[in-house]
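To start, the structure itself, in structure tokens.
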Amino acid sequence: MALTGIEIFKLLPKINCKKCGFPTCLAFAMKVAQGQANIEQCPEASDEVKAKLKEASSPAIRGVVFGLKNKPIKIGEEQCLFRHEKKFFNPPVLTRRIKDIDENIEELVEEVLNSQIERVGEFLKIDAIFLENKSSDVEKFTTALQKIINKAEIPVILGTFNPDAAKSALNLLKNNEILTKNRPILFAANEDNIAQMTQIAKQYNIPLVITAKGIEKVISLIDKASAQGIEDLLIDTQPKTAGELMRDNTLIRRAALKKKVKSAGYPIITFAMRDSEFYETVTASLAILKYSSIIVLNSTPKWKNLILFTLKQNIYSDPQVPMQVKQDIYRVGEADDMSPIIITTNFALTYFLVKGEIENSKIPTWLGIMDCDGLSVLTAWAAGKFSAGKIAQFIKESGMEEKLTHKELIIPGYVAMLKGAIEDKLPQWRVVIGPKEASALPAFLRNYMRNRR
Ligand code: SF4
């Protein structure tokens with residue numbers, strides 16, 4: 001059970017030697033309690049105290065690592081019920097189901113590989129493949145896996161209830177020396193096969209999903225698997241409706257974090273597959289919002305990916321840290337002394353949208369990003385952080401007056417009212433009103449450059 005800062009402080013030597021990098025033992029204790037410092041940073045703490053704190057600070061939800069060794073995926077280790085209490089740490093893994101009876105396995109793998117998009121400076125993609133032993137045939141399952149590994153190095157979940165199929169697939173990975181480079185997850189152990197599946201998971205040292213209808217049955221099977229020494233477990237309670245999904249996932253998270261039920265402290269896998277694309281997307285969205293660590297999808301068209309990527313990225317950002325970029329003048333393309341200069345705020349989404357649209361315009365441009373505490377243009381203006389005086393000061397300090405052979409500054413259309421005040425403070429400059437929306441920038445810039453010539 002996690003200790004408070006004061007409880008940790010009581011265990012420390014209380015000599016304020018500063019060797020941990022903090023001014024006092026109390027300050028250090030508070031940081032350890034918040035998970036922002038490690039007891040190993042205190043060389044003065046005894047081994048006994050270190051052991052006690054490590055035990056107390058072990059995560060209530062186990063972190064499970066799988067996938068590529070050089071790019072491992074960690075799930076679990078969440079610390080709160082609500083994002084605003086701290087933050088959610090390890091984003092859910094979006095997984096595409098491929099059946100071993102599918103005739104176009106290579107094509108489907110290709111689709112997964114091509115799913116990557118860049119959004120607000122982050123690369124998002126379908127992260128893994130769930131290979132389902134739909135045929136119930138050992139050879140078909142193994143052949144399908146062979147096709148996947150021939151095509152790509154990608155994290156895989158092996159979906160079969162047949163221990164022979166599981167062993168055959170794992171032997172294939174082992175014989176191809178893939179098992180040490182790409183750790184799969186085995187789905188699943190149920191009431192009927194738990195003895196064999198735990199043995200296989202142990203033998204190959206891979207995470208194992210425990211599946212049963214309802215929390216009580218799952219927890220009883222989790223206890224059986226734990227008793228066999230399996231630590232990397234995942235939970236599937238087989239919810240059939242949105243209500244069941246919300247109820248089961250919430251109860252599991254609450255039991256792990258608030259009641260300290262160790263058997264509930266594992267990541268959750270959710271099968272979002274539904275007959276309709278609409279309901280599959282809604283189910284997957286609920287799973288992202290409510291605690292699922294792996295979400296299996298039946299299909300991954302771009303429109304669905306975009307919805308789920310955006311939701312996942314937003315839910316797993318830190319609510320206490322505004323998404324912002326560093327104040328600077330960024331060179332987009334081969335901008336030179338004749339290139340236009342646009343100014344905006346350092347809200348990350350604004351930066352990436354504006355930069356993306358400048359790139360789309362193919363017109364090399366200087367992009368001035370002003371530190372406005374990560375606020376968007378209108379909010380920063382309303383808060384007095386994106387004012388004429390501050391913009392003028394930023395331009396003067398940026399060195400752009402000397403660098404550019406022109407003196408024209410493009411400001412966002414939303415703050416057109418600042419034009420006169422900026423020109424008063426920068427008498428050499430002419431202020432040009434840009435568009436309100438970033439999407440209008442390519443046309444605006446092309447037009448602007450045409451009229452300049
Ligand atoms: Fe206190 Fe240990 Fe930090 Fe020294 S190193 S100030 S004893 S917590």
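One-based numbering, in listed order, for ligands and for the atoms of each.
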Got a donor-acceptor contact below 3.5 angstrom from the [X] side chain to the [Y] backbone?
{"X": "K304", "Y": "S299", "result": "yes"}
{"X": "R274", "Y": "T281", "result": "no"}
{"X": "T198", "Y": "I194", "result": "yes"}

May I ask you to identify the nearest protein heavy atom to [atom], giving residue, atom name and distance to one decimal place in Å?
{"atom": "atom 2 (Fe) of ligand 1", "value": "C42 SG, 2.4 Å"}
{"atom": "atom 8 (S) of ligand 1", "value": "F28 CD2, 3.4 Å"}
{"atom": "atom 4 (Fe) of ligand 1", "value": "C17 SG, 2.3 Å"}

message = Tell me if the centroids of the rings in Y351 and Y330 come within less than 6.0 Å of each other.
response =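 Yes, the ring of Y351 comes within the 6.0 Å limit of the ring of Y330, centre to centre.
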
- Query: Quick check: does C25 put an N/O/S atom under 2.8 Å from atom 3 (Fe) of ligand 1?
  - Reply: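 Here the distance criterion (N, O or S atom, under 2.8 Å) is not met by C25, so no.
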
Determine, for Y291 and R247, whether the Lys NZ or Arg CZ falls below 6.0 Å from the six-membered ring centre while staying within 45 degrees of the axis.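 That pair does not qualify as a cation-pi contact.
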
For [X], atoms of ligand 1 separated by under 4.0 Å from a heavy atom:
{"X": "C20", "result": "3 (Fe), 5 (S), 6 (S), 8 (S)"}
{"X": "K18", "result": "4 (Fe), 6 (S)"}
{"X": "N16", "result": "6 (S)"}
{"X": "I15", "result": "7 (S)"}

Discussion item. Just by distance, no angles: are the side chains of Q238 and K213 close enough, under 3.5 Å, to form a donor-acceptor pair?
Written reply: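 Result is no, nothing qualifies.
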
